[in-house]
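Worksheet: one structure, shown below.
All residue numbers refer to positions in the sequence shown, counting from 1. Basis for what follows: all heavy atoms, side chains included, without hydrogens, waters or symmetry-related copies. No experiment lies behind these values; they were computed from the predicted model shown.
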Amino acid sequence: MTSTMSRLGAMMFLQFFIWGAWFVTLGTYLVQGPLQASAGQVATAFLSQSIGAIVAPFLVGLIADRYFAAQRILAVLHILGAVLMWGASVATSFDTFAACVMGYMLLFMPTLALANSIAMRHMQVPEKQFPPVRVAGSIGWIIAGVLIGWLGWEQAHRLELTFRMAAGASLLLGLYALTLPHTPPLEQQRNAKLGQILGLDALRLLKSRSYLVFFLASIAICIPLSFYYNFTNPYLNDLGVRGAAGLQSLGQVSEVLLMLAMPFLFARLGVKTMLALGMAAWVVRYGLFAYGDAGAGFALLVGGIVLHGICYDFFFVTGQIYTDAHAGPAFRSSAQGFITLATYGVGMLIGTFLSGAVVEHYTTAAGRDWQSIWLFPAGVALLVLIAFLLLFRDKPVAAAAAPTTH
């Protein structure tokens, strides 16, 4: 079993190394690289993640889970993805680049669910064995960022190499996936209905006022989340921060540390406090970004990045626990799919469009007004927090084991 866990950990390491290798610096490459993209075009490129998240349940639920062994479809998707990543690295026009990235994310986003499925199917006690395997994924993301910073690709304006590094790792994982334990479709997956696959069975949870408020807040908080993913790296590079991608990996370090403490914190603080602290951390983070700089205000930038653990874990991981407990065993899988579709699909879709429009609005011939840009998502997060505090009524539910995700 230890050997199997190590193999699954290596799979998860590569899965998130690939993502971290190019996604963090994508905005900087588009703005400062040969494509000279506008903020709106940056948002269009990042839009691929949301569309991939919406399509993923169809691909995994309707095809992979019904007709093919999970490790084989994982291999095919990553090998095809490697070709598209390489294509992105040599694209000479934004349209070609965007087509490669869109195609890639349509293939990549389903692999997140596939990797989780493969891992859990070969665990005897997933709630205990999955966290350390998933943490290997966060370590992969961290190492990708540190490696980019160490190699100096941002300062040398060679960020096209990040796509080639991701392509190489994707090809490696595709081949490695063929050696993973056999994971054939389960009988209940073959017979699942479309509503179950998309998590629509979980719509009944919205009859609860407390869950409805949480659900709407989850979608709304993804608007400021999009600003962080899409424009933090260009912002840090605009300020002249060296090794920005490596610095951003501190966010994943704090995420891992807090994730390990989640069961302890959840039991003592409760759902409403945890969710509220997560949203408040977004307000503080963007306030720090608005007034930070590469000189005397550098500590503010570091503080904003390190807050990622609270921003992400306290809201999204707590939300998964809350959803799991509300849904109960019968609708647990549907509910998790539903909330993921709503946040990474619908919420991030709205946020990506809005973030591009806001950055465009505050961009002039003199450059970008980053202070005004960051104060906008800070204000959105503050409004979501106030509405949540006024409307959410915490109804005690049995705590579940904390799931782990990036």
Side-chain angles (χ1 to χ4, degrees), residues 9-33 42 45-46 49 81 85 88-89 101 104-105 108 111-112 115 134-170 172-173 225-260 285 288-289 292 294 298-313 316 404-406:
M11 171 194 70
M12 206 65 78
F13 176 91
L14 287 170
Q15 177 75 32
F16 284 88
F17 177 90
I18 293 164
W19 201 0
W22 68 279
F23 196 70
V24 173
T25 55
L26 172 60
T28 298
Y29 173 73
L30 288 171
V31 171
Q32 298 183 0
V42 172
F46 276 101
Q49 175 182 255
M85 268 287 98
S89 76
V101 170
Y104 177 79
M105 289 305 268
F108 179 82
T111 67
L112 297 171
R134 176 56 186 80
V135 163
S138 293
I139 293 171
W141 182 291
I142 292 167
I143 289 179
V146 171
L147 190 58
I148 293 169
W150 178 68
L151 292 171
W153 286 346
E154 290 163 291
Q155 285 71 42
H157 301 290
R158 294 301 310 275
L159 287 177
E160 74 278 2
L161 296 176
T162 62
F163 300 99
R164 296 176 191 175
M165 181 168 71
S170 188
L172 178 60
L173 179 52
L225 174 64
S226 297
F227 281 78
Y228 179 77
Y229 282 153
N230 299 4
F231 290 104
T232 299
N233 193 258
Y235 165 61
L236 295 175
N237 278 285
D238 261 10
L239 293 183
V241 174
R242 294 187 61 83
L247 180 65
Q248 284 182 260
S249 68
L250 290 176
Q252 276 63 48
V253 173
S254 71
E255 178 188 326
V256 170
L257 294 176
L258 277 169
M259 198 175 290
L260 297 175
R285 156 181 272 182
L288 293 174
F289 279 2
F298 183 71
L300 300 181
L301 301 180
V302 174
I305 291 169
V306 171
L307 275 174
H308 184 71
I310 297 177
C311 290
Y312 190 89
D313 290 348
F316 289 96
T404 50
T405 184
H406 179 76

Tyr104 and Phe108 aromatic ring geometry - parallel, tilted or perpendicular at 30°/60° bounds: parallel

Quick one: OG1 on Thr25 to CD on Glu154, what's the gap to the nearest 0.5 Å? 6.5 Å

What is the minimum heavy-atom distance between Trp19 and Met105, and which atoms define it? NE1-CE, 4.0 Å

Examine distances only and state if a side-chain atom of Gln252 and a backbone atom of Trp141 form a donor-acceptor pair shorter than 3.5 Å. no

So CD1 of Ile139 and CZ of Arg134: to nearest 0.5 Å the spacing works out to 10.0 Å

Quick check on the 6.0 Å ring-centre criterion: do Phe316 and Tyr312 meet it? yes

Euclidean distance, Tyr29 OH relative to Leu161 CG, rounded to 0.5 Å: 9.5 Å

Classify the ring geometry of Tyr228 against Phe289: parallel below 30°, tilted from 30° to 60°, perpendicular beyond 60°. parallel

Rounded to the nearest 0.5 Å, how far apart are CG of Leu258 and CG of Asp313? 5.5 Å

Would you call the rings of Trp22 and Phe163 parallel, tilted or perpendicular, taking 30° and 60° as the class edges? tilted

How far apart are the closest heavy atoms of Ala21 and Ala166, and which atoms are they? CB-CB, 4.1 Å

Please report the interatomic distance CG(Leu250) to CD1(Ile305), rounded to the nearest 0.5 Å. 6.5 Å

Compare all side-chain heavy atoms of Thr162 with those of Trp153 and state whether any distance is below 4.5 angstrom. yes

Any side-chain heavy-atom pair from Asp238 and Val31 closer than 4.5 angstrom? no

When rounded to the nearest 0.5 Å, the distance separating CG of Leu26 from CZ of Phe231 is 10.0 Å

Measuring only between side-chain heavy atoms, which start at C-beta, is Phe17 closer than 4.5 Å to Leu173? no

When you compare the side chain of Val241 with that of Tyr235, does any pair of heavy atoms fall below 4.5 Å? no

What closest approach, in Å, do Asn230 and Val42 show between heavy atoms, and which atom pair accounts for it? O-CG1, 4.1 Å

Please check if any side-chain donor atom of Gln15 sits under 3.5 Å from a side-chain acceptor atom of Thr111, or the reverse. yes

Atom of Gly9, atom of Ala136 and distance for their closest heavy-atom approach: O-CB, 3.5 Å

Is the closest side-chain heavy-atom distance between Ile148 and Met165 below 4.5 Å? yes

Considering all heavy atoms, the nearest Ser170-Ile18 contact: CA-CD1, 3.5 Å

Answer yes or no: is there a donor N or O on one side and an acceptor on the other, between the side chain of Ser249 and the main chain of Val146, under 3.5 Å? no

What closest approach, in Å, do Thr28 and Pro234 show between heavy atoms, and which atom pair accounts for it? OG1-N, 3.0 Å

